[in-house]
2 protein chains.
Amino acid sequence: MRDVGNRPTIADIAKRVGVSPGAVSFALNGRPGVSEQTRARILEVAREMNWRPHRAARALGGAQAGVVGLVLARDPRTLGSEQFYTQILYGMQDTLSARSSAVQMQLVRDTAAEIDLYRHWASEHRVDGLVLVDLQRDDPRIALVRELGLPAVTLGLPAEPDQLPSVWADDAEAMTTIVDYLAALDHRRIAHVAGPPVYLHTARRAAALRSQVSARGLHAGESVPTDFSDAQGAAATRALLSRADRPTAIVYDSDLMAAAGLGVALEMGIEVPRTLSIVSFDDSVLTRIVHPALTCLSRDTHALGAQVATTLLQAIADPAWRESVRTETPRLVVRGSTARAGG
Amino acid sequence: MRDVGNRPTIADIAKRVGVSPGAVSFALNGRPGVSEQTRARILEVAREMNWRPHRAARALGGAQAGVVGLVLARDPRTLGSEQFYTQILYGMQDTLSARSSAVQMQLVRDTAAEIDLYRHWASEHRVDGLVLVDLQRDDPRIALVRELGLPAVTLGLPAEPDQLPSVWADDAEAMTTIVDYLAALDHRRIAHVAGPPVYLHTARRAAALRSQVSARGLHAGESVPTDFSDAQGAAATRALLSRADRPTAIVYDSDLMAAAGLGVALEMGIEVPRTLSIVSFDDSVLTRIVHPALTCLSRDTHALGAQVATTLLQAIADPAWRESVRTETPRLVVRGSTARAGG
DNA sequence: GCCACTGGCTAAACCGCTATAGCTGCGGTA
DNA sequence: TACCGCAGCTATAGCGGTTTAGCCAGTGGC
């Protein structure tokens, strides 16, 4: 068995070419200090010997670890069923692997564990930057990354923009798209099965629903908070549908809850879409395999992940970087779960 | 903004305690060379100064990178919806974080890209070990990890055991559990919507079904290959149910395909479980939110991930390690999607 | 009273790469 | 002719750990 340790080092190349290790380093990193002729020769030998930089050695010299971190602090039982973060991860990896960086994804139980992890990572120099997701009001992570001196990008607009670069889509506009559509179908009682209200994106959607509903003179657009689990999504649906003035349309903050809600409706003998319309804020296979398939907001999540990675690389290269990228508002994909009210 | 680089080093501790850096290293790593008194003092100061080892520095000294790799080579569109690997990842992380290691998970398009990635990782010293999943017949990765000198553990039994340590459950026995149950319900035509036949676990299940079916004198238990996508799962179901001698029970290799299959059955007006019983090989939220909920094999995937991590750590510590761990055969969880045949 | 041994430490080399100061030889300038 | 500047290198000092060789004082054996 060939030992891993036998791989060529810069010194090996130097010996073979007959120059100093420093010259090899110059050549391999494309910086001045060697003639074009020597550089070409060095590059050739390096390729021949199949040389690749030793990550740890580079990182030790003060350079980068070549890893960015992504921590998800949600109940992992509900997490795995969502494609959203898988696609984000995949999009990030596609962009980063071209720069020979990688994503370190970790699942933790709560924000406290997440913060702990960031401290560990920072002190061990494990990551060059972070992606913060599921932003909250007064999010403690924003101060933390400053304190740790770690470049970071938020996925979703933070409460106070301009503190960190972020990649975001307009949640209010997205909700408006949905209400527009439902109102056009004569729905007048629209409810919202939301996530935990601490999350800004959920709060923004709820606020947008309220303002849209009152602007159009519809009935109060209530948002029922949940923990994103299928169980609470189902319970919230059951509660809403048990009312005398039950909604004719429900908007769900996740595809998993929407699917669970659909199940509850069928169980209660409420026909979808005839007497109840269902819209999901997220798209995934899940929305397509249930019956009827769910009308939902759809976006190119892979591209979103790629954008996050690009922005983070900027932030790493230039710590003063603060620019935010607004991405396309998700577009509505109409499927079988929505129809005219009172159909 | 505090600079990341300001964190304490071993030299800082040494200065403060008044000993040499070497002594501090001995103390912190619990090896002989310092008195218990000095050791205690050093540990105290280290804790006080909030010292943590610089990963890169350790790795450079020939020690470990503190990272293990997990590569998934499947179409990421179908991947994200399965909880299986999310749970595996989570279980691994829980075990590894106690040893302050991390999992580097990466999604790639195919086995060629996976192999490429392993070569990159090995040459950059990025990982200390690998978890190989979705084993195939004549799997090229087994020779590769030998060549690269990378410790590895397979999740699932390889074609030729004893080449690498593995953590596995008995697929044949699992299929037998299902056939036992279905046969007891008088099902005589059992079909199988499988994954790609290159995967050993899928092949083993198909073989077990065939042998069980013939041993019991049931009708030929056909396995229809798919790519694990909901689309192909649906297509396979449609084909099976369109036959004159259509099966009364279908076993699916994944929860996603089972859910898609259920949708097709309902669409075709075939009642589940009255005229068709459905069993999924995998469990997840998905099997619980569809209606009827799916009978499925269930296992503690988190524990499985933990076991994989433990075994990999063994393999890293002792490269000669070859022991395999057989885990519990998944147990059948009966839900609403199965009933007596012809019921 | 001398030697061997040992516990507890220090000094220094080393891991692979980057960064910087310094050296060399050549052509051009005053 | 002496000097400068520059391209093109070499030598060397880190980065933050681990590891080995070696030093010194104390101790026990004979």
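Chain A is the first sequence line, chain B the second, and so forth, proteins listed ahead of strands; every chain is numbered from 1.
Taking atom CD of residue Gln64(A) and atom P of nucleotide dC17(C), one finds them 17 Å apart after rounding to whole Å. Put simply, CG on Asn29(A) is 9 Å from C1' on dC17(C), counting in whole angstrom units. As rounded to whole Å, 15 Å separates atom C1' of dC15(C) from atom CD1 of Ile10(B). Spacing between atom CZ of Arg126(B) and atom C1' of dG16(C) amounts to 16 Å, rounded to whole angstrom units. One atom, CD1 of Ile13(B), and another, C1' of dG17(D), lie 11 Å apart when rounded to the nearest Å. Separating the NE2 atom of His125(B) from the P atom of dC15(C) is a distance of 13 Å, rounded to the nearest angstrom.
Counting non-hydrogen atoms of neighbouring residues, nucleotides and ligands closer than 6.0 angstrom, the CZ atom of Arg99(B) reaches no more than 12 such neighbours.
Between Arg7(A) and Ser123(B), the shortest heavy-atom contact is NE-O, 2.7 Å. Closest approach of Val108(A) to Ala113(A), counting heavy atoms only: CB-CB, 3.9 Å.
Looking at Asp128(A), its side chain never comes within 3.5 Å of a backbone N or O of Val68(A) through a donor-acceptor pair. In terms of modelled atom types and a separation under 3.5 Å, the side chain of Gln64(B) and the main chain of Ala59(B) share no donor-acceptor contact.
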What pairs of nitrogen or oxygen atoms, one from the protein and one from nucleotides 10-12 of chain D, lie under 3.5 Å apart?
residue, atom, partner, partner atom, Å
dT10(D), OP1, Ser20(A), N, 3.3
dT10(D), OP2, Ser20(A), N, 2.6
dT10(D), OP2, Ser20(A), OG, 2.6

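In this model, the phosphate group of dG17(D) is approached by a side-chain N or O of Arg7(B) to a distance below 4.0 Å at OP1 or OP2. In this structure, Thr38(A) does not reach the dG8(D) phosphate: none of its side-chain N or O atoms is under 4.0 Å from OP1 or OP2. Under 4.0 angstrom from either OP1 or OP2 of dC17(C) there lies no side-chain N or O belonging to Ser25(A). Trp51(B) has a side-chain polar atom (N or O) that falls below the 4.0 Å cut-off from OP1 or OP2 of dG17(D).
Note: Tyr118(A) and Trp121(A) have tilted aromatic rings, judged against thresholds of 30 and 60 degrees for the angle between ring planes.
Test Val71(B), Leu72(B), Ile88(B), Val308(B) against Val133(B) for side-chain contact (heavy atoms from CB on, under 4.5 Å) and you get one pass: Leu72(B).
Within 4.0 Å of Ser35(B), counting heavy atoms only, lie sugar-phosphate atoms of the nucleic acid but no base atom. Here Arg31(B) lies in heavy-atom contact (under 4.0 Å) with sugar-phosphate atoms only.
Residues from residues 52-61 of chain B with heavy atoms under 4.0 angstrom of DNA chain C, sorted by number: Leu60(B), Gly61(B).
Residues passing the salt bridge (charged side-chain N to carboxylate O under 4.0 Å, His left out) test with Arg141(B), sequence neighbours excluded: Glu114(B), Asp139(B).
Checking Thr311(A) against Gln307(A) by side-chain atom types alone, a donor-acceptor pair falls below 3.5 Å.
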